[in-house]
Amino acid sequence: MAIIPLRSGGWQGLREALADRMPIEKISFKTLIQKKEVPVHRAAWAYYLGGLVLFCFLIQLVTGVLLLFYYQPTVSDAHASVEYITKYVSGGALIRNLHTWAASAMIFFVLCHLLTTFAMKAFEKPREITWISGVLLLLITFSFGFTGYLLPWHQIAVNATKVGLQSIEEAGRYLPGQLSEMPGRVRELIQGEAAVGQATLSRFYAIHVVFLPLAVFGLIGLHLLTVQLHGMSQGVDKVTGKTERFFPFFVLKDFSLWGIVFLIAAVVALCLPFEAFFSYPLFAPYDALGSTPDGIKPEWYFFFIYYPLELLPFWVVMLGQMVVLGVLFAAPWIFKGTSRRTLTTIAAAAAAYLIIITLFGQHIYEFFKGDM
Amino acid sequence: MFDAFFYVGLPYMALIALVVGTAYRAHKLRFTNSALTSQFLESRQLVWGTVAWHVGIIIVLAGHAVAILLPGLWRALTANYVFLVTVEVIGMAAAILALGGLSVLLVRRVISANLQSVTSVMDFVVLGLLLFQVLLGLGVAVAHRWGAVWSTQTVTPYLWSLVTLQPDLSYVTPMPPMMKFHLIAAWVIILLIPFTRLVHIFFFPVGYLMRVPQKVVWVTRRRFEQNVTVRQAEESRRYFLRTAFGLGGAGVLLSLGVFDKLVRFFSGPVMAADEETELLRKKLNRLEQAAKERHLELERLRSEYIHVANLAELSPTEGKYFIDYQMRAALAFRGADGMPLLISAKCTHLGCTVASTMDNQGRILCPCHISYFDVKTGQPNAGSPAKTPLPHIGWVLMDAAGTLMASQRPGGRVEGAVDATKLQEYRVYIAKQFGDLA
C-alpha cells in the first residue's frame, strides 16, 4: 500500500504529492485576510481550541523567559533559586504560578484539540502534514511537562523523574539477548550518569529551555502554514454551507477568548499556588541520602499512563502505548474511509477514559490494590 | 423548642413552600415569573442599583454554594493563606457592592412617586429583608473572621444534616447570635421566594446572554419621524466607538499592569538584612551538601574500604543509610548472628529508596509502589510490583587498629574469626574488591 497515493512513480510523483499538500502559491493577502472563511456548524467551537493551545504556549514562552533570569540549574542552587523567585522577587510568585498553571492548561487544551480534530476528521487528505506535525507537537508538549517538572529539584520532582526514567529500563526485560541492554543505555543517555543528578538536571534544563522550544517553533510553523494553506476542515459529514469571515469576525472572537483565558489564568495564578492541591510538603529540597517520601505521583496529565502502569503488567501498557502512538501517526491512512460519526464515538470513548482515569485513578487504584 | 422551630421546622417549611410554590407559579402563573420591570418609569438610578446588586450577590452566593457543595475541596484550598485572604477580600467587596446596589434600589422605590404605583408591599418587604440579610452576612464576615474556613465545619454539616433528613442542631446552638439571625433570615427569604418577585432567580433567561443586546426606548414623535436607517447607522457607530474605547482602555490598563510587574521583576527584590543572611545560609548549606556528595563520590573512586558504621551503632530493626560503591542508597542492619547485614535500598522495581524501619515481619517497605522486602533474604512479598530481590552487599569488619577481622562476600559465608568480647569496637566497612552486588 502506498503511503501517499502517487499519480506517477518516482521523484515526479513525490513532487506532485507534495505540491498537492503544500500549495504555497495560494498564499496571498487576498486568500488569508480578505477571502478566508470559517465553517459554521454545531461543532464550530472546536475551531478555537488550537488557538488556545497557541496562546498557552505564548504565555509559557514569556513567563519561561522571565523565570530564566533568576533560575539556576545546579543541584545545590536550583531549589533555592525557585524559592527565591517565589518568595522574594517582586511578581515572581505570580510568574511562576502562571507558568505552572498555563502548562496544565496547555496540556488540557492540547488534548481537547487532539480529540476534536480527530472527531472532525481534520486529518483527511490533503491535511496529513498538519496532522503529523500536530502529533509531534503533542509529544513535545508532554516532554515539556516531564522535563519542566524536574527543574525545581524538590523531593517529589526528582523521585518522580527517577521512577519515570526507570520505566524505560523496565522495557529491557522484554527484549531478547543483547537488545535487553538497550533501554538501560538509553536511560543513562537521557539522565547523563548512573543516577539522577547534576548531569540529568543540566540535560533536562537544556532540553526544556532550548531544544524543545526550537522544535516547537519549527513544527508550529509547519502546522500553521498547512492550516492556512488548506483552510479550516469542513468538520461535519453534512456541510451546512454556512460560513463566517475569518477576518474580522472569527479573529475577534478568538482574541476575546484568549482575553478570558488570560484573565482566568492571571486570577488563578495570583491567588492559588499550583501546590495548593497537594497535601505533602512539596517544597522540601531533594536529599540524595534520604528515603523516598510516600505517595509520589507524576503531574495529573500523566495519570492516564501512570495508573495503568501501576495496575497492569508492564508489557501490556507498553504495547498499548505503542499501538496508540502508531494509530495516532497513521490516523490519516487508517481512518481514511471512516465516517465522522464513528470517529466521534472513538474520540468520545478516549475522552471518557482520560477523564475517568484522571479524576478517579486513585479510587480505581485503591479498589484493586486496596488489600495490600 | 425555639431552636427546633427556627432551625428545623422553618427550613423544611421554607423548602417545601419553595418547591411547591415555584412549581405552581411555573405552571399556573407563567407570566408572573419575572420581576416586574420599572425601567420605563425610572432608569437612571436603576442601572447603578440593579447591576451592582446582582453582580455582588451572585459572587457572594457562588461563594456560599462552593462551601456548601464542595466542603472538602474548599477546605483544602482555604488551607492556603494567600487563597483564603483573596476569597475573603473578594467576598467582602462583593457584599459591599451588593449592599450599595440594594440601598440605591430601596431609596429609589421610596423617593419616586412614579415607582410607588407599581410597588407592592411585598417588594418593600423583600428589599428590607435582603438589606438586613446582607448587613448580617457582612457583620458575621467581619466579626467572626475566616468564615470561608469555619463555615465548612459548622454551616455545611448543618445543612447536609437537613438534606439527609437527620437534622442536627448541635452545629447551630453554639453559633454566635449574629450568625443565627443570618440563618433564620435566610430561611425566611427562601420561604418568601415563591410569593414574591424573587422567584425570577429560577427563571433566568439564559437566551439573553447569547442574543444581540436590545434596548427598550420610548417612542417619541421626533424619533418616530426620524429616518430609521440614519438612526441605525448612528447607533451602530456609537456602539462601535464605545466598544473600541472599551477595548483600547482595557488594553492600555493591561499593558500598564504587565509593564509595572515586569519592571519590578527585573529590578529584583529588596531584601531585609535578616532575610538575606537566611538565604545565604541556606545556599551555603546546600553547597556544603553538594560538596559532601562529591566527597563521597571521590572516596568511592579512591578507597579500597569505606567506613559504614561502628558495629555497636547498628540496630536489628532500624537500618542506617549509607552510600554504596555505585553511589546508591543502602541500609545497614545488625543480623541475628550479631554480624552486619547490608542490603541495597534501591528498590528493584523503579529505583525508589526503600524506607529504613523494619516491620514486625522483618521487612522493609518501598513507599512508591508498596513492595515489602524481607531483609534477611532480600525477597519481595508475593504480588508486589518488585519482582527481583534487593541484593545484599558484602562487608568487612576491622578492629580499632584497622586489622581485618572478618568479611562476607555478597551471598557468601562469614569468613574469619571474631573476638566476641571486642565486638563493640569493631567497625563495618564495604570493600571495593567485592565489586558488583551479588
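The sequence lines fix the lettering, A, B, ..., with proteins before strands; numbering per chain opens at 1. Hydrogens, waters and symmetry mates play no part in the numbers below; they use all other heavy atoms, side chains included.
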Would you say [atom1] of [X] has more than 12 non-hydrogen atoms from neighbouring residues, nucleotides or ligands within 6.0 angstrom?
| X | atom1 | answer |
| --- | --- | --- |
| B:H307 | NE2 | yes |
| A:W315 | CH2 | no |
| A:Y174 | OH | yes |

- Interface residue of largest heavy-atom contact number with chain B, from A:L165, A:I95, A:D77, A:V196, under 4.5 Å: A:I95
- Note on the structure: Answer key: most heavy-atom pairs under 4.5 Å with chain B among A:P313, A:S90, A:A266 is A:S90
- Message: Walk me through whether B:K283 and A:H79 qualify under side-chain contact (heavy atoms from CB on, under 4.5 Å).
- Response: CA-CA 9 Å; B:K283 281 189 165 177; A:H79 186 269; over 6 Å; no
- Note on the structure: dist A:K162:NZ -> B:T353:OG1 (nearest 0.5 Å) comes out at 4.5 Å
- Value for CG (B:L247) from CZ (A:F255), rounded to nearest 0.5 Å, stands at 12.0 Å
Please look at [X] and chain B and tell me whether the side chain, the backbone, both or neither of the residue comes under 4.5 angstrom of a heavy atom of that chain.
| X | answer |
| --- | --- |
| A:F314 | neither |
| A:Q72 | side chain |
| A:Y88 | both |
| A:L270 | backbone |

- Item | Proximal component of B:E275, with respect to chain A [non-hydrogen, under 4.5 Å] | both
- Turns out that what part of B:L279 lies under 4.5 Å from chain A's heavy atoms comes down to side chain
- Query: Sequence neighbours excluded, which residues qualify as salt bridge (Lys or Arg N to Asp or Glu O under 4.0 Å) partners of A:K87?
  - Reply: none
Contact check, side chains of [X] and [Y], non-hydrogen atoms, under 4.5 Å:
| X | Y | result |
| --- | --- | --- |
| A:Q166 | B:K346 | yes |
| A:Y84 | B:M271 | yes |
| A:S76 | B:Q289 | no |

- Task: Give the minimum heavy-atom separation between A:P285 and B:R286, together with the two atoms involved.
- Result: CG-NH2, 3.5 Å
- Is there any residue in residues 252-270 of chain B with a non-hydrogen atom under 4.5 Å from a non-hydrogen atom of chain A, and which ones are they? B:L254, B:K261, B:L262, B:R264, B:F265, B:F266, B:S267, B:G268, B:P269
- Message: Determine whether B:E293 and A:Q198 satisfy the following criterion, side-chain contact (heavy atoms from CB on, under 4.5 Å), listing intermediate values before the conclusion.
- Response: CA-CA 11 Å; B:E293 277 171 42; A:Q198 178 59 56; over 6 Å; no
